[in-house]
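The next block holds one structure in the form of structure tokens; read it before the comments.
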2 protein chains.
Amino acid sequence: MTDAAREMLGIALEQARTGLAEGGIPIGAALFTLDGRLLGAGRNRRVQDDDPATHAETAAFRAAGRRAGYADTVMVTTLAPCWYCSGLIRQFGIGHVVIGEATTFPGAHEWLADAGVHLLVLDDGECAELMRGFVRDHPALWREDIGA
Amino acid sequence: MTDAAREMLGIALEQARTGLAEGGIPIGAALFTLDGRLLGAGRNRRVQDDDPATHAETAAFRAAGRRAGYADTVMVTTLAPCWYCSGLIRQFGIGHVVIGEATTFPGAHEWLADAGVHLLVLDDGECAELMRGFVRDHPALWREDIGA
């Protein structure tokens with residue numbers, strides 16, 4: 001599972017890097033089927049679109065289009081999902097979540113695990129480095145994005 | 001508070017009625033300051049935009065634009081918020097929630113109350129009637145919208 005997960009994380013990381021290059025918050029996500037087919041990818045769009053409602057996970061979820069069910073899907077995200085994105089995952093019954101790193105932001109993923117979601121935290125160095133640099137350079141923007 | 005809340009609910013209800021007239025899911029929401037100034041309003045857009053990520057509350061939150069804090073704001077919604085929208089409310093620290101009705105869908109608002117959010121459930125007849133009619137006529141669409 002870990003090799004496949006790292007490959008999927010690559011797609012989310014590409015989104016995060018693009019977001020950073022755009023002057024945005026470098027968090028990316030992608031939704032896949034369990035067998036690795038990409039359904040949709042996206043990134044945080046607070047800065048790019050002045051849109052406070054589009055976190056990386058909600059962007060990927062939107063990009064995947066409408067589906068009747070999500071039990072057989074995997075949400076891959078560069079950063080541990082906040083309450084908002086964890087609520088999305090729980091409400092729609094997304095069965096699996098792969099997290100790039102959960103050190104720069106604790107997220108609500110233990111709440112998801114308690115609700116039966118399958119989690120894999122990869123502790124990826126590049127994901128953490130992207131966020132550490134961003135939080136250091138733009139602390140007010142980061143606080144705004146998590147409502148802190 | 002109840003008179004002011006009913007007036008605010010009127011804005012959310014107008015969104016829900018517009019959604020129904022568009023062939024959409026009749027749930028509306030609006031974000032206000034505590035003293036009743038409208039910041040933004042919106043409605044579920046699953047059908048209208050083929051967008052599974054825009055629930056009424058997330059639409060209102062987006063329409064309100066970027067803010068540094070939400071403790072002094074009120075999210076008014078015609079229907080009890082699901083996990084996704086409750087996660088939004090909790091992550092961004094929206095201090096107050098007014099709910100039109102919580103009978104046709106239970107929502108996650110007790111979880112919000114436990115987290116310190118101030119709640120008012122109005123048990124509004126028109127909100128409930130809109131949802132009952134919609135769920136009766138479009139059960140599959142409703143299940144899709146709540147990931148059931």
Side-chain angles (χ1 to χ4, degrees), chain A residues 25 29 31 39-40 42 45-71 73 75 80-95 105-109 111-112 115 117 139-148, chain B residues 25 29 31 39-40 42 45-71 73 75 80-95 105-109 111-112 115 117 139-148:
Chain A
I25 302 174
L31 191 70
L39 297 170
R45 305 201 66 88
R46 176 174 295 271
V47 172
Q48 295 92 322
D49 299 342
D50 255 337
D51 177 1
T54 299
H55 275 192
E57 296 91 330
T58 69
F61 183 80
R62 174 178 296 122
R66 291 169 55 183
R67 292 178 68 86
Y70 294 86
T73 66
M75 178 65 83
C82 73
W83 283 119
Y84 173 37
C85 298
S86 296
L88 174 88
I89 290 160
R90 179 160 177 178
Q91 185 64 46
F92 289 99
I94 293 172
F105 178 69
H109 54 289
W111 178 75
L112 287 177
V117 178
L141 189 52
W142 174 233
R143 284 197 301 272
E144 183 190 315
D145 198 56
I146 52 170
Chain B
I25 301 174
L31 191 71
L39 297 170
R45 305 201 66 87
R46 177 174 294 272
V47 173
Q48 294 93 322
D49 300 342
D50 256 337
D51 177 1
T54 300
H55 274 191
E57 296 90 330
T58 69
F61 182 81
R62 174 178 296 124
R66 290 170 54 182
R67 293 177 69 85
Y70 293 85
T73 65
M75 178 65 81
C82 73
W83 283 118
Y84 174 38
C85 298
S86 296
L88 174 88
I89 291 161
R90 180 159 177 179
Q91 185 64 45
F92 289 98
I94 294 173
F105 178 69
H109 54 290
W111 178 75
L112 288 176
V117 178
L141 190 50
W142 174 234
R143 283 196 302 271
E144 183 190 314
D145 197 56
I146 51 170

Worksheet item: Checking A:Thr58 against chain B: side chain, backbone, both or neither under 4.5 Å from a heavy atom?
Response: both
Worksheet item: Hey, what do you get for CZ (B:Phe61) to OH (A:Tyr84), rounding to the nearest 0.5 Å?
Response: 7.0 Å
Worksheet item: Closest approach of B:Gly65 and A:Pro52, non-hydrogen atoms and distance?
Response: O-CG, 3.5 Å
Worksheet entry | Minimal non-hydrogen separation, A:Leu141 against B:Arg66, with atom names | CD1-NH2, 3.4 Å
Practice prompt. Pick one of side chain, backbone, both or neither for B:Arg143, based on which atoms fall under 4.5 Å of a heavy atom in chain A.
Written response: neither
Worksheet item: How close do A:Phe92 and B:Arg46 get, heavy atom to heavy atom, and via which atoms?
Response: CE2-NH2, 3.5 Å
Discussion item. For a quick test of reading the model, state the closest non-hydrogen atom pair linking A:Glu144 to B:Arg67 and the distance between them.
Written reply: CG-O, 3.5 Å
Fill in: Check: A:Arg62 and B:Asp49 side chains under 4.5 Å, non-hydrogen atoms
no
Practice prompt. Using a 4.5 Å cut-off on heavy atoms from C-beta on, say whether the side chain of B:His55 contacts that of A:Leu88.
Written response: no
